[in-house]
Amino acid sequence: MPVRWSAATVTDQGPRRCMADAAHVHYYRPADRHGWAVADGIGDDYEPADAARTAAAVAAHVASISGAAAGIAAARAELQDLYAGAPRGQEGDCVMVAAVPMAERVGGGFDIAWVGDCRAYVAQNGTVRQVTEDHTQGEEMRRSGNAWTRELAPGYDHIVTRSVLRVSPIASVRIAGPVQRLLLCSDGVSKVLPAADVVRILTTSATAPRIARALLSATRAHLRARDNVALTVLTPRNRTHGPAENPAARI
């Protein structure tokens, strides 16, 4: 029997002037398949906010039909067409992550793609792990062989090296099933909420809406939580595999 997914999304503007994070889901009826996307506009302004909403809607739609990477590629084409000829500095851009379930005949799981620092986490086989890698200058500095640049890396985590509008590689990964939980989120969550809190909340036996609200509440409880938040949580509705107790975190 195909896995049916229960999904819950929460967004919160926080103290920012604009709500530049967005989340979207699309259901493709002919294939009985959903696509999900979370996008984070680059900047606290109306153009990035519009770019994020547009990209999330397009990516979720196309991902449900053709796969996660195709969804982001379609979002890129849409933004490039939208801002063709726009003066530099007046374009909207964003980063994003998209996901679509894989067919049960290949073991289920998820096809995930991303550009920038939106993230995907999975709870699976007794562990919670981040399955995306941030495309930021800070992350590149951490991977360098220079101890001095690694020390400075946290100060550059806000500078993204890939985005939806700019031509850059679209990263992707396929996670074989079964998957007990999937979290897609903007950096308003991942750069504020400690890994231990992500693990604790994501591995509870609560429903997807309760987990989503708990993640938002835990994020907003931190003094550093000044960014927009968008997140989507997915849990299987018709599979008995529950979250593991006391999982070994690999976030």
>> So, taking the atom named CD in Glu151 and the one named CE in Met141, what distance separates them when rounded to the nearest 0.5 Å?
In response: 10.0 Å
>> So, taking the atom named NE2 in His24 and the one named CH2 in Trp36, what distance separates them when rounded to the nearest 0.5 Å?
In response: 12.0 Å
>> As a quick check of understanding, evaluate side-chain contact (heavy atoms from CB on, under 4.5 Å) for Asp187 and His158, giving each step before the final call.
In response: CA-CA 9 Å; Asp187 70 344; His158 66 289; over 6 Å; no
> Is any side-chain heavy atom of Arg166 closer than 4.5 Å to a side-chain heavy atom of Glu91?
Replying inline: yes
> Is there side-chain contact between Val131 and Ile112, with heavy atoms separated by less than 4.5 Å?
Replying inline: yes
> Can you tell me if Asp40 uses its side chain to pair, donor with acceptor, with the backbone of Ser186 under 3.5 Å?
Replying inline: no
>> So, taking the atom named CZ in Arg53 and the one named CE in Met19, what distance separates them when rounded to the nearest 0.5 Å?
In response: 9.5 Å
> Distance-only, no hydrogens or angles: does the Arg162 side chain make a donor-acceptor pair with backbone N or O of Pro169 under 3.5 Å?
Replying inline: yes
> Are any of the side-chain heavy atoms of Thr235 and Ile211 separated by less than 4.5 Å?
Replying inline: yes
>> Once rounded to the nearest 0.5 Å, what's the spacing between atom OG1 of Thr232 and atom CG of Leu215?
In response: 11.0 Å
> Do the side chains of Ser163 and Ile42 get nearer than 4.5 Å, heavy atoms only?
Replying inline: yes
>> Does Tyr121 form a side-chain contact (heavy atoms from CB on, under 4.5 Å) with Leu202? I'd like the steps, not just the answer.
In response: CA-CA 9 Å; Tyr121 298 87; Leu202 202 56; 4.1 Å; yes
>> When you compare the side chains of Glu47 and Tyr83, does any donor N or O come within less than 3.5 Å of an acceptor on the partner?
In response: yes
>> Assigning hydrophobic clusters by single linkage (Ile, Leu, Val, Met, Phe, Trp, Tyr; side-chain heavy-atom cutoff under 4.5 Å), is Val179 placed with Leu184?
In response: yes
> Going only through I, L, V, M, F, W and Y residues with side-chain contacts under 4.5 Å, is there a path from Ile159 to Leu152?
Replying inline: yes
> If every non-hydrogen atom of Asp93 is compared with every non-hydrogen atom of Ala51, which pair is closest and at what distance?
Replying inline: N-CB, 3.7 Å
> Out of curiosity, does Trp114 fall in the hydrophobic cluster containing Leu182 (side-chain heavy atoms, cut-off under 4.5 Å, transitive links)?
Replying inline: yes
>> So does Ala176 get a backbone contact from the side chain of Gln124, meaning a donor-acceptor N/O pair under 3.5 Å?
In response: yes
> Is it the case that one hydrophobic cluster holds both Leu193 and Val233, taking links as side-chain heavy atoms less than 4.5 Å apart, direct or via other members?
Replying inline: yes
>> Using side-chain contact (heavy atoms from CB on, under 4.5 Å), reason through Leu79 and Thr54 one step at a time and then give a plain yes or no.
In response: CA-CA 8 Å; Leu79 292 191; Thr54 299; 4.2 Å; yes
> Which atoms form the tightest heavy-atom contact between Ser64 and Arg33, and what is the distance?
Replying inline: O-NE, 2.9 Å
> Checking salt bridge (Lys or Arg N to Asp or Glu O under 4.0 Å) for the pair Asp157/Arg142: CA distance, chi angles, key distance, verdict?
Replying inline: CA-CA 10 Å; Asp157 283 337; Arg142 287 185 184 89; 2.7 Å; yes
> Could you go step by step and tell me if Asp21 and Val38 meet the side-chain contact (heavy atoms from CB on, under 4.5 Å) rule?
Replying inline: CA-CA 8 Å; Asp21 285 10; Val38 168; over 6 Å; no
> Do we see a donor-acceptor contact under 3.5 Å between the side chains of Tyr27 and Arg29?
Replying inline: no
> Should we say atom CZ of Arg174 is surrounded by more than 12 heavy atoms from elsewhere, each under 6.0 Å from it?
Replying inline: no
> Shortest non-hydrogen contact from Ala68 to Ala63?
Replying inline: CA-CB, 3.9 Å
> Does the Asp44 side chain pair with the main chain of Cys18, one donor and one acceptor, at a distance under 3.5 Å?
Replying inline: yes
> So do the side chains of Val128 and Gln180 get within less than 4.5 Å of each other, counting heavy atoms only?
Replying inline: no
>> Parallel, tilted or perpendicular, judged at 30° and 60°: which one describes the rings of His26 and His61?
In response: parallel
>> I'd like to know if Trp148 and Tyr156 are part of one continuous hydrophobic network [Ile/Leu/Val/Met/Phe/Trp/Tyr, side-chain heavy atoms within less than 4.5 Å].
In response: yes
> Would the number of heavy atoms belonging to other residues, nucleotides or ligands and lying under 6.0 Å from CD of Gln80 be above 12?
Replying inline: yes
>> Rounded to the nearest 0.5 Å, what separates atom CD1 in Ile175 from atom CZ in Phe110?
In response: 10.5 Å
> Are the side chain of His135 and the backbone of Gly116 linked by a donor-acceptor contact shorter than 3.5 Å?
Replying inline: yes
> Would you say the side-chain atoms of Arg76 pair up with the backbone N or O of Gly71, donor to acceptor, closer than 3.5 Å?
Replying inline: no
> Pick one: which of Asp134, Asp227, Asp117 meets side chain to side chain donor-acceptor pair (under 3.5 Å) with Lys191?
Replying inline: Asp117
>> To the nearest 0.5 Å, what is the distance between CD on Glu133 and CD on Glu139?
In response: 5.5 Å
> Is it true that Glu140 and Arg150 have a side-chain N and a carboxylate O under 4.0 angstrom from each other?
Replying inline: no
>> Under a 3.5 Å distance rule, please check whether Thr149 uses its side chain to pair with a backbone N or O of Asn146 as donor and acceptor.
In response: yes
>> Ignoring hydrogens, what is the shortest heavy-atom contact between Leu216 and Leu231? Give both atom names and the distance.
In response: N-CD2, 4.3 Å
> Looking only at heavy atoms, what is the nearest atom pair of Gly43 and Ala20, with distance?
Replying inline: O-CB, 3.7 Å
>> Testing the basics here: between Arg181 and Thr204, what is the closest heavy-atom pair and its distance to 0.1 Å?
In response: NH2-O, 2.8 Å
